[in-house]
Amino acid sequence: MAEQMTGAEMVIQALTDHGVEHVFGYPGGAALPIYDAMFQQDAVQHILVRHEQGATHMAEGYARSTGKPGVVLVTSGPGATNAVTGLTDALMDSIPLICITAQVPTTLIGSDAFQECDTVGITRSCTKYNYLVKRVEDLPRIMHEAFLIATTGRPGPVVIDIPKDVQFALGDYYKPDLDTLRHQSYRPQLDGDAAAIEAAVDLMLKAERPIFYTGGGVINAGPEASEHLRELAELTGFPVTSTLMGLGAFPASNPQWLGMLGMHGTYEANLAMHDCDVMINIGARFDDRITGRIDAFSPNSRKIHVDIDPSSINKVVRVDVPIIGDCERVLSEMVRVWRSRTNQPRTEAIGAWWKQIGTWRAVNSLGFKNSDTVIKPQHAIQRLYEATRKQGKEVYITTEVGQHQMWAAQHFHFDQPNRWMTSGGLGTMGYGLPAAVGVQVAHPEALVIDIAGEASVQMTMQELSTAVQYRLPIKIFILNNERMGMVRQWQDLLHGSRYAHSYSESLPDFVKLAEAYGGKGIRCSNPAELDAAIAEMLDYDGPVLFDVIVEKDENCLPMIPSGKPHNEIILPDTANIGDIIDEKGRQLV
Amino acid sequence: MNAHLQPTGSAYFITKDTQETERHTLSVLVDNEPGILARVVGLFSARGYNIESLTVSETEHGRRLSRITVVVIATPKVLVQIKLQLERLVPVHKVHDLTAEGASLERELALIKVAGSGDHRAETLRLADAFRAQIVDASVESFVFEITGKPAKIDSFIALMQPLGLVEVVRTGLAAISRGPQGM
């Protein structure tokens with residue numbers, strides 16, 4: 001079955017065999033043989049980026065919105081080092097990436113050759129696994145194994161470093177065959193332990209104040225996992241909250257939805273987490289943005305934790321019923337076991353709990369004081385959300401990192417998984433614009449919007465040129481407050497409002513900038529004109545940079561501040577957030 | 001110049017670990033491939049775990065498997081994390097906590113160079129005999145001893161050699177294996 005070809009041709013053949021249609025990359029000396037092989041085929045389309053970091057975020061957006069691995073191709077040295085941020089981002093958020101880095105010829109490795117760097121050394125701690133391919137005989141096996149490792153278990157980025165002589169060398173190519181894999185040690189556990197699932201359902205059947213706390217694991221486990229979650233929520237009648245990474249797995253339009261939890265989560269979600277008696281964590285990892293103060297985190301609950309990564313169990317919070325397995329399989333088992341025990345939701349038993357949640361909801365923690373003279377950022381997102389609902393298109397949202405990201409999570413609502421792309425774990429400013437490019441490549445007919453801040457968007461601004469080149473009609477919705485808003489907010493909270501370098505000075509004219517790139521620029525600062533301006537953006541068939549001039553000093557609330565448990569959340573009616581944290585809280589590191 | 005201002009907080013919460021630390025010996029079975037040691041050591045440094053001793057060598061040539069014996073000092077909670085994080089590495093087959101799993105044997109080898117003459121030389125030889133240290137090199141003014149045993153035994157031998165003209169010591173680090181018929 002073997003077919004003889006060069007290493008470079010093997011790379012393309014393996015990508016084709018794994019169903020890859022798009023590669024995000026940037027050429028360079030060491031990568032030329034692969035680029036030459038790419039030039040002579042049609043199966044795989046190459047998207048030329050403007051910076052390798054952009055390629056990695058595009059691949060992340062592509063992967064997150066399709067469930068398929070994103071593929072990156074870069075050259076040696078600076079090509080590889082520029083990809084490091086995106087690789088780390090993908091590792092933190094469990095996004096499947098295959099990153100092929102070219103390397104100087106094997107004979108030059110270690111000689112400080114031109115554009116040489118220790119790629120496997122540099123990327124060892126920011127990948128799930130990485131390879132240096134020293135012999136062309138190993139290349140087919142490594143390509144196939146890389147796809148397996150990136151996409152199974154807890155997904156993550158895999159780097160394959162291929163020296164230029166290996167790309168030129170002739171060898172035998174074999175089709176994917178799992179039996180030839182070198183690493184027999186890699187066997188992720190997919191099925192949850194049956195006894196643990198029964199124990200979990202037993203706890204759920206006795207719960208009086210239960211809550212589902214779901215995360216990115218549900219999204220990673222595929223759309224069926226979201227279906228099972230919806231079914232289980234309906235069967236049980238329990239309330240559902242989610243982390244930033246898990247938004248969309250459960251529909252925001254469902255009455256059982258409490259909104260996002262965590263540092264900028266809703267009052268009802270955080271209070272319910274604090275006061276619950278049974279917490280069912282599905283595919284989330286008790287991140288510090290979620291738990292707040294660990295010793296005051298949900299003090300009186302029994303905790304069930306479903307995670308595919310055994311090292312996530314008891315890492316931060318001790319749990320009572322750990323279940324190691326794929327969320328899709330465990331959820332479907334939970335549904336089956338629940339059905340075998342009862343055919344009634346626990347409506348009556350948890351009636352008092354829902355009543356309590358109702359009083360928390362009545363606080364309206366996402367409320368804000370609107371204005372008719374200046375555009376409030378929350379209002380801008382609400383208007384954008386309303387406008388997109390009328391488009392009759394699939395809507396995908398990406399974000400950068402900061403206040404706008406949290407406002408988007410709070411005020412844009414998702415009813416389906418894989419529609420929300422954001423940098424959660426690493427918090428990478430500059431993620432959203434390239435991620436939107438990647439999403440649009442995967443979904444050419446969809447409406448793809450990057451909700452951005454004026455500071456973040458400048459970190460990867462150059463990828464607008466990529467969007468123009470490939471006619472990708474992404475919309476970049478900049479909430480421009482001329483501040484690094486979240487930094488400014490923390491300075492108010494903790495540093496006596498001494499605004500050390502948290503302003504955006506010498507901003508470009510975003511309208512002219514968009515035009516310079518060959519896109520369309522729109523600016524709006526008048527609340528009365530906002531809807532029309534949004535409509536203009538959505539109607540334009542091409543990339544748009546929309547500069548929304550918003551209130552400069554708006555705080556992103558609610559917020560659980562430093563050193564506080566969930567039930568001491570700051571609500572929107574707080575006049576001066578600088579007075580909230582006491583001396584003891586400030587000393588926390 | 002802002003030193004007089006109140007100390008500032010940050011975005012993180014740190015809870016003090018109240019558990020006592022323990023010394024544990026882990027046995028890690030891995031694929032013998034390039035970079036595996038860097039992967040294991042990198043995990044320890046990246047996650048802030050402390051390595052007391054590390055020994056690695058290929059143990060099954062046919063299957064290209066190596067055994068890493070690593071001694072760590074950590075709280076019980078962190079020890080569990082270390083084991084799980086090691087198991088997460090793709091080329092790691094198994095991790096056994098020999099200390100937690102019951103009786104195990106621990107041995108180390110050291111080469112010890114001692115220089116001296118006269119009474120010191122005679123005393124050195126008497127002690128070496130008592131500790132069953134072998135002479136592997138000798139000159140008119142020096143010895144090199146080879147000694148194997150538990151680390152504590154080697155420690156005491158080295159301490160005794162100190163006043164007798166100890167020049168230098170090299171130790172292999174710990175090799176450990178469980179007692180009884182079961183393998184890893």
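Keep in mind that what you see is a predicted model, and the values were worked out from it rather than measured. So that the names make sense, note that chain A is the first sequence line, chain B the second, and so on, each numbered from 1.
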#### Entry: Choice from A:N314, A:V120, A:N130 maximising heavy atom contacts with chain B below 4.5 Å
A:N130
### Message
Taking side chain as everything from C-beta outward and backbone as N, CA, C, O, which of these in A:L132 sits under 4.5 Å from a heavy atom of chain B? Side chain, backbone, both or neither.
### Response
neither
### Task
Sort A:R318 into side chain, backbone, both or neither according to what part of it lies under 4.5 angstrom from a heavy atom of chain B.
neither
### Task
Output, in order, the C-alpha distance, side-chain angles, deciding distance and verdict of side-chain contact (heavy atoms from CB on, under 4.5 Å) for B:R171 and B:I158.
CA-CA 11 Å; B:R171 301 172 73 149; B:I158 293 168; 3.8 Å; yes
### Any B:F145 side-chain heavy atom under 4.5 Å of B:V114 side chain
yes
### Task
Give, as side chain, backbone, both or neither, the part of B:Q85 having an atom under 4.5 angstrom from any heavy atom of chain A.
both
### Query
Quick one: NE2 on B:H96 to OG on B:S178, what's the gap to the nearest 0.5 Å?
8.5 Å
#### Entry: Contacting region of B:R88 [heavy-atom separation from chain A under 4.5 Å]
side chain
### Message
Could you check whether B:R121 makes a cation-pi contact with B:F143, meaning its NZ or CZ is under 6.0 Å from the centre of the six-membered ring and within 45° of the ring axis?
### Response
yes
### Task
Check whether any side-chain heavy atom of A:F147 sits under 4.5 Å from a side-chain heavy atom of A:V158, and report yes or no.
no
### Task
Heavy-atom distances under 4.5 Å only: say whether B:V92 touches chain A with side chain, backbone, both or neither.
backbone
### Query
Given that the side chain runs from C-beta out, which part of A:D309 has a heavy atom under 4.5 Å from chain B: side chain, backbone, both or neither?
side chain
## Note on the structure
Pair count under 4.5 Å, heavy atoms only, with chain A: among B:P91, B:A46, B:G35, highest is B:P91
#### Entry: Which atoms of B:K77 approach chain A - backbone, side chain, both or neither, heavy atom under 4.5 Å
side chain
### Ionic contact status for B:E168 with B:K113, cut-off 4.0 Å
yes
### Message
Taking B:E87 first and then B:K83, would you say they form a salt bridge - that is, a charged N and a carboxylate O separated by under 4.0 Å?
### Response
yes
### Query
B:A38 versus chain A, heavy atoms under 4.5 Å apart: side chain, backbone, both or neither?
both
